Every structure is written in C-alpha cells, then in structure tokens.
Amino acid sequence: MKTLEQSFSLHVPSSTQNLVMIREFIGRVGEQAGLADGDRNKLELAVDEACCNVIEHAYGNDARKEVTVRAHFDADLLRISVIDTGVGFEPSAVEQPELGELIRQRRHGGLGMRLIQKLMDEVRYEIEPGKKNELTMVKRVRPSE
Amino acid sequence: MKTLEQSFSLHVPSSTQNLVMIREFIGRVGEQAGLADGDRNKLELAVDEACCNVIEHAYGNDARKEVTVRAHFDADLLRISVIDTGVGFEPSAVEQPELGELIRQRRHGGLGMRLIQKLMDEVRYEIEPGKKNELTMVKRVRPSE
Amino acid sequence: MANEFSVTRSTEGEITLLALEGFLDAHTAPDFEAAVQQEIDAGHTHLIVDAQELTYISSAGLGVFMGFIEEVREAGGDLKICGLQPSVREVFDLLGFDALFDIEADRASATARFSETPSGGTS
Amino acid sequence: MANEFSVTRSTEGEITLLALEGFLDAHTAPDFEAAVQQEIDAGHTHLIVDAQELTYISSAGLGVFMGFIEEVREAGGDLKICGLQPSVREVFDLLGFDALFDIEADRASATARFSETPSGGTS
Ligand SMILES: Nc1ncnc2c1ncn2[C@@H]1O[C@H](COP(=O)(O)OP(=O)(O)O)[C@@H](O)[C@H]1O
Ligand SMILES: Nc1ncnc2c1ncn2[C@@H]1O[C@H](COP(=O)(O)OP(=O)(O)O)[C@@H](O)[C@H]1O
C-alpha cells in the first residue's frame, strides 16, 4: 500500500519503564510499513531485547542516559537501529551457551542476542565505545523470492 | 512518584496517519509524568491539534516533511513542544470567530487553536518561518495552590 | 490502522442512524464526512449520529458536524448527536456545541426529538 | 503503567498456581521473580504458571523460568507452564524451552502431570 520511504525516530530515557512506549512505537511503524501481525510481534520483541541490552549493559541502568530508536522503511525493507553512547562491547566475543547449559548455571539471562538473530532477517553491530554503538536490524516487508 | 527530570522526543513524517502514534507516545509520557486520566486525555488532544495544524498548515500535507514532538517533565510541570520548519504564521493575527459564526459560514474547522488554549495551562508560539516554528504547551502535574 | 474508525448506517423510518466506532481524528474524519455527504446527496436530512462506541474526537471530527448542520436544518432536517461517552462529551461542551446542537442521551430520545421539533434542535 | 502485569496466586493441594496477566518484560520480570522466590522460600516447589492471560514475554521473563527450574527440580518439584497463547508460545519454542520445560495445554493437564511424574517434566 505504501511505497513512499518513511523515517521515524524516538528518544527516551534509558529505563525499562519506557519499553512499553518503545514497543508501541515500533508496532505502529511496523503497521505502517505493512508488516503482518506475526512479523510485527517479532519486530517489537527484537527491538525490546535490543533496548534492554542498552539499558542494562551499555548504560548500567543509568536512567539519565538516552536510548535512540530509528526506523526507516520503503516498500521492501524495514530497518531499525538502536543507538547508544555507552560502554560498547565486542559482539563476536560474546559466548552463547545452549539453553540447557544456561539452566545448569542457573543463569537468569543470556538469550537476548540470539533471540534478536532469530527474529530479524539481518542483524549488524557497529561499535565505537562511548561514542556511538549502533545495532541495525532489518526485516523484509515482502517475502523475497 | 517520579521526581527525576525526564526528556522524550518523537520524529515522524508529516501525515495524519501518524496521529495515533503521536497520541500513544504523549499518553505514555503523561502517564509517566503522573497525570490523572482526565488530564492525559486533554494532553493527547492538545498535541493532536497542534500536530494537525503543522501537518495541514505549516507543511501543506507534504508527507516528506517531519514533525517533532518533544516532552520534558519534572515533579511539577510537563512541557510539550511541537516543532516544524514550515511556513509559519502570526498566531495573534488569527481570527477566532464564535462557534455560531463558524457554523453560519459552514466552516469545517477553526477550532484547533482555541481547543489547545482550553486544554493546557500555558501555550506559547515562537515562530521563525522556514527555520523553526515551535508551539510550547505546559500542563501542571499537581494542581498549584 | 484499518479498523480504528468505522461508520455503520441503518434507517428507522425517515431517520438515518450513523453509528460511529473508534476514534475520529483528522485521519478518519474524511470517512465520516463522506458518509454524511452521501446521506445529504440522497436527500436524507433526518440524521442521528450515535457515538456510543466513539472513544476519541478531535476538532477535525467536530468540523464535520459544524460543516453540515446549517445545510441539513435548512432542508428541514437535523443532525442530532447521542450516546456521547463522558470524555468525548467534554470536548463538545468545551467548545460550546451543547448550545448549538441537539445532543441527546440515547437513540430513543434523539428519535423522539424528531417528532417534537421536526426542523431541528435548540437553534 | 500500574496494572499492565500481575501475578495471582492460588493453591490446590500441594500445588501452587501462579496466574500471569499482561506483559512480562524487563520492567515487570522482577515482580514475577519475587513471586516465585517467595514460593521457594516457603518450601513450595510444585509450581504451575498459568499464562492464559499473558499477552507478551521477552527474554527477561523467560529468564525467571530458567533461573529457578534447577532449584525447584532438585527439591523434588517442578515449574510447569500452561495456557500459553500462540504468540507467546512461539517465543518459548524459538529458544528451545519446549525441550527442557514441561509445557501443558491447561491447568488440568499440568496438575495431572504432577501425579504422573512428581519430580519434574521432560528433563
Ligand atoms: N548493547 C550492549 N552493550 C554492552 N554489552 C552488551 C550489549 N548487548 C549485549 N551485551 C553483552 O552481551 C551479553 C549477552 O547479551 P544477551 O544475549 O542479550 O543476554 P543478557 O542481556 O540476558 O545477558 C550481555 O550479558 C552483555 O555482556
Ligand atoms: N502550525 C501552523 N502553521 C501555520 N499556520 C497555522 C498553524 N496553526 C494554525 N495556523 C493558522 O491558524 C488558523 C486557525 O487554526 P485552528 O484554530 O487550529 O483551526 P483550523 O486548523 O481548523 O483552521 C489556521 O487555519 C491556519 O491559518
């Protein structure tokens, strides 16, 4: 229905209180991009996970910091970036033990990054610690064949 | 409950399609600022009216343009700005005929600015045509006495 | 955003009922405007808008009521409003619609008003 | 955001039922975590989480299940899950929870499973 390119962005304090607002925002963007309900749920979850990681790890739960979510879409692709200016990290160095192993270690987390990978079509990190850390996630609007 | 100062902002294409997103955003901000339900409804309506005016008048329904909504609150005050870079206007020169007169003229509009005035505690326009036109609206979080 | 506003039409004798649902803002007002215009084009001027399921209205929605009321009344009809939820009613009242429009509690009383005062309201 | 997540507790014999409602994300997960911890502290290890009214879960919510399951099973109990809505179930399955947790259709079957296999699930 929409073929016009469109851009949106949202800036909120780095607090889990704002996850609802972020999900609503992304849900509306997904709707306008023409995503089906199922894909919209996946998008909301992936962005939630990305923002949680920023809030917890990049900013260590300091609510004076700011999380930026940018969205851009055309008829084919929806691209979301989650941006912080926090500590940064080396994504390829993060170990991702299997669920059974996490459970044996009684870990309460460690699933976020793999979930983002499973939910989105493309995932890319660009890290410049303290300057700009950007996680870009792409979802195809129409199945490519 | 919250005394921390908090800032939020949202940037969306200048289209009435995005009014739902803007109202949801502002509703969540109002919630976090601690506004009662009735005040939150008023806030959503005032910001909707301000954004409609930007979409229609400042940008002449050109969806390639962008509307910015900023929010800032502390324990006492919630301040919302709606910002455009469109044509601008002279707010004090806008005539506001009574409702009966608008009806006799079969006008379909002309109520937005007065509605904003009635809904908010303070309203201020800063106009620099083509550069930055900003409508700032204030709502008191606690009744001042 | 497909289903966030709808107008459902029904008739009762010479009266046309337009039941609104969802939110009436600058994006959805054109749908409502078209629905009212269609009635007028068809010569139907005894109109009741039932707003029981309407959860939100902005001035763009109010503009539809403003823009048509004179025409409908001149044609011997009226555009009556009923079923307003309190938060929506508040917006009508804030702008003085209560003094110029016939706003009734429900369909029954709006319908009854057409037999009392055939050519419209409190104006 | 007051009422967007809740845990309601009830008991049935030695089984504790925790009914979740709303969304379970990083903001609300601590409430759920505290509710489970309280049961464990009280020596209750036959737990069923009824997710029928749960509309959303993120990994922070899943983390609560992960973090407690070993402890509960070692104590001779289990943390069974039932009533998952399809969109929520999908997240559990995507991460392999279906292989390691006892996920049942409803309370009745989850309860029945406790009599079959008292010390837990498919692990
Ligand atoms: N935005 C980020 N900034 C800094 N570190 C991160 C970020 N995202 C992830 N990490 C690191 O990667 C690890 C794995 O993340 P994830 O898979 O989401 O699980 P969890 O957040 O539950 O630990 C985190 O524990 C953290 O060390
Ligand atoms: N943001 C704006 N930019 C340019 N002109 C504006 C703006 N807001 C209001 N106006 C002018 O003021 C007039 C009155 O606005 P308003 O009371 O909201 O009624 P309406 O928008 O229905 O005409 C508009 O018709 C327009 O000429």
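Just so you know, these numbers come straight off a predicted model, no measurement behind them. Sequence lines set the chain letters: A, B, ... in the order given, protein chains first and strands last, and positions in each chain run from 1.
Heavy atoms from other residues, nucleotides or ligands lying under 6.0 Å from CZ of B/Arg114 number more than 12. Applying the 6.0 Å contact sphere to CD of A/Gln105 captures more than 12 heavy atoms from other residues, nucleotides or ligands. Residue B/Glu101 places its CD atom among more than 12 non-hydrogen atoms of other residues, nucleotides or ligands, all under 6.0 Å distant. Heavy atoms from other residues, nucleotides or ligands lying under 6.0 Å from CZ of B/Arg64 number 12 at most.
Rounded to the nearest 0.5 angstrom, B/Phe8 CZ and A/Leu10 CG are separated by 9.0 Å.
If you measure heavy-atom distances from A/Val29 to chain B, the contacts under 4.5 Å come from both the backbone and the side chain. Only the backbone of B/Ser7 comes within less than 4.5 Å of a heavy atom in chain A; its side chain stays farther off.
Within the 3.5 Å criterion, the main-chain N or O of A/Pro13 finds no donor-acceptor partner in the side chain of B/Gln6.
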Dump the intermediate steps for side chain to side chain contact (heavy atoms under 4.5 Å, CB included) on A/His11 and B/His11, then the final yes or no. CA-CA 9 Å; A/His11 307 261; B/His11 307 261; 3.7 Å; yes

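For the options B/Ser9, B/Gly27, B/Ser15, heavy-atom pairs under 4.5 Å to chain A are most numerous at B/Ser9.
Screening residues 13-26 of chain A for salt bridge (Lys or Arg N to Asp or Glu O under 4.0 Å), with sequence neighbours left out, gives A/Arg23-A/Asp48, A/Arg23-D/Asp25, A/Glu24-B/Arg28.
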